[in-house]
Amino acid sequence: MTPRIKILVVEDEKNIARVVSYNLERAGYQISTAYNGQEALEKIKRDVPQLIILDLMLPKVDGLEVCRQVKANPKTTQIPIIMLTAKTEEADRVVGLELGADDYVTKPFSPRELAARVKAVLRRSQKTAPADVWRCGTLEIDWGRRTVRARKTVIDLTLKEFDLLKTLIESEGRVLSREKLLEQVWGYDQAIEIQSRTVDLHVSQLRHKLGTEGKRILTAAGVGYRFKMPDEE
Ligand code: CA
């Protein structure tokens, strides 16, 4: 029997936490719960989950800070995060996505909707592409293991940064608009100004992490980005 996927539900409203846990357990996941941000960080440190469902408005340490700390730690940066947000928390939602959260569900939501998002996010994060290694300059990307090395050093990328890099490389040097990148990497079809900024921010973080190889991500002024392929040199 394969071990069940571990999900941490972080939510201070006990009723919501209970409904979410009950439904995800029924869907076959192993659930643990934290009722405030501090408890969440402690639990994540003790027993790394494979996905985090994170309410933003939390006592002690708020959800955005939890997200920030999870994404800043190389040991946990790859854990997908689905935010639970109120309709009125749009600004926080954008900050959360910029910090590396993978998706969000707006309250009130149906347990079925949340379960579908969990499944989709897990599928994206565990996608087992053929285990071939792609090389370009000093870059070595293992698609199957989702690891990136530059000058033989492992680069810790968040889920979104990896998907962004992969999407750029897969388009083989063609320019991709911010809207297209949002759609392909984040899965949104409505491209609004504030979300385009999310793309810019992730590109800049990705370039920074890749060091000198970051120069391969070229800006197409006013449009978007493209990846400079090995055969262009
Ligand atoms: Ca709350």
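Numbers for residues simply follow the sequence, beginning at 1.
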### Task
Look at atom CD of Gln78 and say whether more than 12 heavy atoms of other residues, nucleotides or ligands are closer to it than 6.0 Å.
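It does not: Gln78 CD has 12 such atoms or fewer within range.
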### Message
Taking salt bridge (charged side-chain N to carboxylate O under 4.0 Å, His left out) as the definition, give me every residue that meets it alongside Lys152, ordered by chain and number, with sequence neighbours left out.
### Response
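Partners of Lys152 by the salt bridge (charged side-chain N to carboxylate O under 4.0 Å, His left out) criterion, ordered by chain and then number, come out as Glu140.
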### Query
Can we say Lys6 and Asp47 salt-bridge, meaning some charged N sits less than 4.0 Å from an Asp/Glu carboxylate O?
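Judged by the 4.0 Å cut-off on N to carboxylate O distance, Lys6 and Asp47 do form a salt bridge.
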#### Entry: SB check Glu213 Arg216 (cutoff 4.0 Å)
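The answer is yes: the pair qualifies as a salt bridge.
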### Task
List the steps, then state whether side-chain contact (heavy atoms from CB on, under 4.5 Å) holds for Leu54 with Ile81.
CA-CA 7 Å; Leu54 181 64; Ile81 294 180; 4.0 Å; yes
### Query
Of Leu56, Val61, Asp55, which is the lone residue that meets side chain to side chain contact (heavy atoms under 4.5 Å, CB included) with Leu58?
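The residue from Leu56, Val61, Asp55 that satisfies side chain to side chain contact (heavy atoms under 4.5 Å, CB included) with Leu58 turns out to be Asp55.
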#### Entry: Met57 CE: over 12 foreign heavy atoms closer than 6.0 Å
no
### Task
Begin from the C-alpha positions of Glu98 and Arg197 and carry the test salt bridge (charged side-chain N to carboxylate O under 4.0 Å, His left out) through to its verdict.
CA-CA 9 Å; Glu98 288 179 351; Arg197 252 184 350 111; 3.5 Å; yes
### Query
Is the Trp143 ring parallel, tilted or perpendicular to the Trp134 ring (thresholds 30°, 60°)?
tilted
### Query
Is atom NZ of Lys180 surrounded by more than 12 heavy atoms (other residues, nucleotides or ligands) closer than 6.0 Å?
no
### Task
Side-chain contact test, heavy atoms from C-beta onward, threshold under 4.5 Å: evaluate it for Ile217 versus Leu168 and give yes or no.
yes
### Query
Listed by chain and number, what are the side-chain hydrogen bond (donor to acceptor under 3.5 Å, both in side chains) partners of Thr153, not counting sequence neighbours?
none
### Task
Decide whether a cation-pi geometry holds between Lys14 and Tyr35; the criteria are a distance under 6.0 Å from NZ or CZ to the six-membered ring centre and an angle within 45° of the ring axis.
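Because its charged atom sits under 6.0 Å from the ring centre and within 45° of the axis, Lys14 does stack over Tyr35.
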### Message
Asp102 and salt bridge (Lys or Arg N to Asp or Glu O under 4.0 Å): which single residue from Lys71, Arg124, Arg117 fits?
### Response
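Single pass found, and it is Lys71.
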### Query
Any side-chain heavy atom of Val118 sitting closer than 4.5 Å to one from Ile53?
yes
#### Entry: Heavy-atom check, side chain of Ile44 versus side chain of Val70, under 4.5 Å
yes
### Query
Are Asp103 and Lys160 within salt-bridge range, i.e. N to O under 4.0 Å?
no
### Task
Please step through side-chain contact (heavy atoms from CB on, under 4.5 Å) for the pair Ile16 and Lys107, ending with a clear verdict.
CA-CA 10 Å; Ile16 299 181; Lys107 292 178 183 175; 4.0 Å; yes
### Message
Just to verify, what does Asp200 make a side-chain hydrogen bond (donor to acceptor under 3.5 Å, both in side chains) with, not counting sequence neighbours?
### Response
Arg178, Tyr225
### Message
Contact between Leu210 and Val148 at the side-chain level, heavy atoms closer than 4.5 Å - yes or no?
### Response
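SC-SC contact between Leu210 and Val148 confirmed.
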